[in-house]
Amino acid sequence: MPKRDPGFSTLAVHAGAAPDPTTGARATPIYQTTSFVFQDSDHAAALFGLQQFGNIYTRIMNPTQAVLEERVAALEGGTAALAVASGHAAQMLVFHTIMQPGDNFIAAKRLYGGSINQFGHAFKNFDWHVRWADVFDPQTFEAQIDERTKGIFIESLANPNGTFVDIAAIAEVARRHDLPLIVDNTMASPYLVRPLEHGADIVIHSLTKFLGGHGNSMGGIIVDGGTFDWSQSGKYPMLSEPRPEYAGIVLHQAFGNFAFAIAARVLGLRDLGPAISPFNAFMIITGIETLPLRMQKHCDNAAAVAEWLKGEEKVGWVSYAGLADDPNNALQKRYSPKGAGSVFTFGLKGGYEAGKTLVENLKLFSHLANIGDTRSLVIHPASTTHRQLSEEQQTAAGAGPDVVRLSIGIEDAADIIADLRQALAKVN
Ligand SMILES: *Cc1c(COP(=O)(O)O)cnc(C)c1O
């Protein structure tokens, strides 16, 4: 009988996990320990020297984290993964592995606001420089590449409007210039989009959002696609040159198609320290088991809400890729046929005051700055996250005075719509 490859839902429940060999525990235990006993001195030496894999200290590796890593690597189709404390920690470790002071990378302008801050401000302190490009014009990426460029960064389903990106078109630019393509797949999750299948080399996630899925635990992850040749150009010395801290090992030579995940762990996580707690890793593993069910419900609910909003008198526009007449609908159908995600924006004809009134009168929706919770969430960016910007800056960022952003949860669609209807009735 030919061997069957398990499907996505089976992997979401089982990948990386097995009953605990000593206790028989069926759910993955929370290995709430900082450190692990060595068998003897030779064993300890082999672990420290990277000659043998094994647990030493939870900042570097832990059995609960290992299950999370194997599971997400399987769902994304990667060779290995590294789980860390947050999505931002994942981004920091990716760039720490490829950048030297004075280097640059090209990033899409349409990104999560926190990533725009991290790249544009915090990274400057390391002398790492971001160059912004328009994700709908791959030429704007290509035009800014020079000999100090080390990578390209995009979101598969981009903030703030929930727009699908032509990953393959950007991957072609990356390939032409021998650069790794790094894709933030947080908003889509691997249930909707698997960027490695479209030419990405590294995928990152904020596990805090749809993968954990319940708005209760912070986490981030780096998935190594195993596709990039880190030795060819000599531009990635962390991977292609002997490492003095590991007796001269060349990581790409020693670890081949999962060398990036190893480097991010033993040179990045080990020395910079943003480890995920075993408890959060456990919570996120549990969340992932229902990812396919939740994600489909998120998408179906969001489609129903967007369709309803479009017919409302007080609503000026709705930006949801799943609507048949949306300019992004063709890319959605090509990259994410199962659904268009659950985060989108719409505009109120009544502008700033209308946005504030709507948010203040919603009851089922929670007014907060997050996405990807089981609960429906709302934010009026102009009066909250983007209030320090001028009106022109707000509009350029897709956060004009009339814009409301929703992250649709997995409640009953009829209840979500009823809540919006009663709040909208109070808006002028
Ligand atoms: C939230 C988020 C991040 C940052 O993740 P944290 O877990 O909050 O550090 C990065 N990218 C996207 C798309 C996000 O939504």
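Ligands are counted one by one from 1 in listed order, and the atoms in each one are counted from 1 as well.
A donor-acceptor contact closer than 3.5 angstrom is absent between the side chains of N328 and T163.
Looking only at distances, a side-chain donor or acceptor of D146 sits under 3.5 Å from a matching main-chain atom of T149. Formation of a donor-acceptor pair under 3.5 Å by the E289 side chain with backbone atoms of A12 is not found in this model.
Ring to ring, F260 and F228 are not that close: their centroids are 6.0 angstrom or more apart.
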Report all N/O contacts between ligand 1 and the protein shorter than 3.5 Å as a table of atom names and distances to 0.1 Å; if there are none, say 'none'.
{"residue": "ligand 1", "atom": "5 (O)", "partner": "S206", "partner atom": "OG", "Å": "3.1"}
{"residue": "ligand 1", "atom": "7 (O)", "partner": "G87", "partner atom": "N", "Å": "2.9"}
{"residue": "ligand 1", "atom": "7 (O)", "partner": "S206", "partner atom": "OG", "Å": "2.8"}
{"residue": "ligand 1", "atom": "7 (O)", "partner": "T208", "partner atom": "OG1", "Å": "2.7"}
{"residue": "ligand 1", "atom": "9 (O)", "partner": "G87", "partner atom": "N", "Å": "3.1"}
{"residue": "ligand 1", "atom": "9 (O)", "partner": "H88", "partner atom": "N", "Å": "2.9"}
{"residue": "ligand 1", "atom": "11 (N)", "partner": "D184", "partner atom": "OD2", "Å": "2.7"}
{"residue": "ligand 1", "atom": "15 (O)", "partner": "K209", "partner atom": "NZ", "Å": "2.7"}

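Sorted by first and then second residue, the pairs that involve residues 148-177 and meet salt bridge (Lys or Arg N to Asp or Glu O under 4.0 Å), not counting sequence neighbours, are D103-R148, D103-K150, E142-R176, D166-R334, E172-R176, R175-D201.
Ring pair W128/F95 is tilted by interplanar angle, where 30° to 60° counts as tilted.
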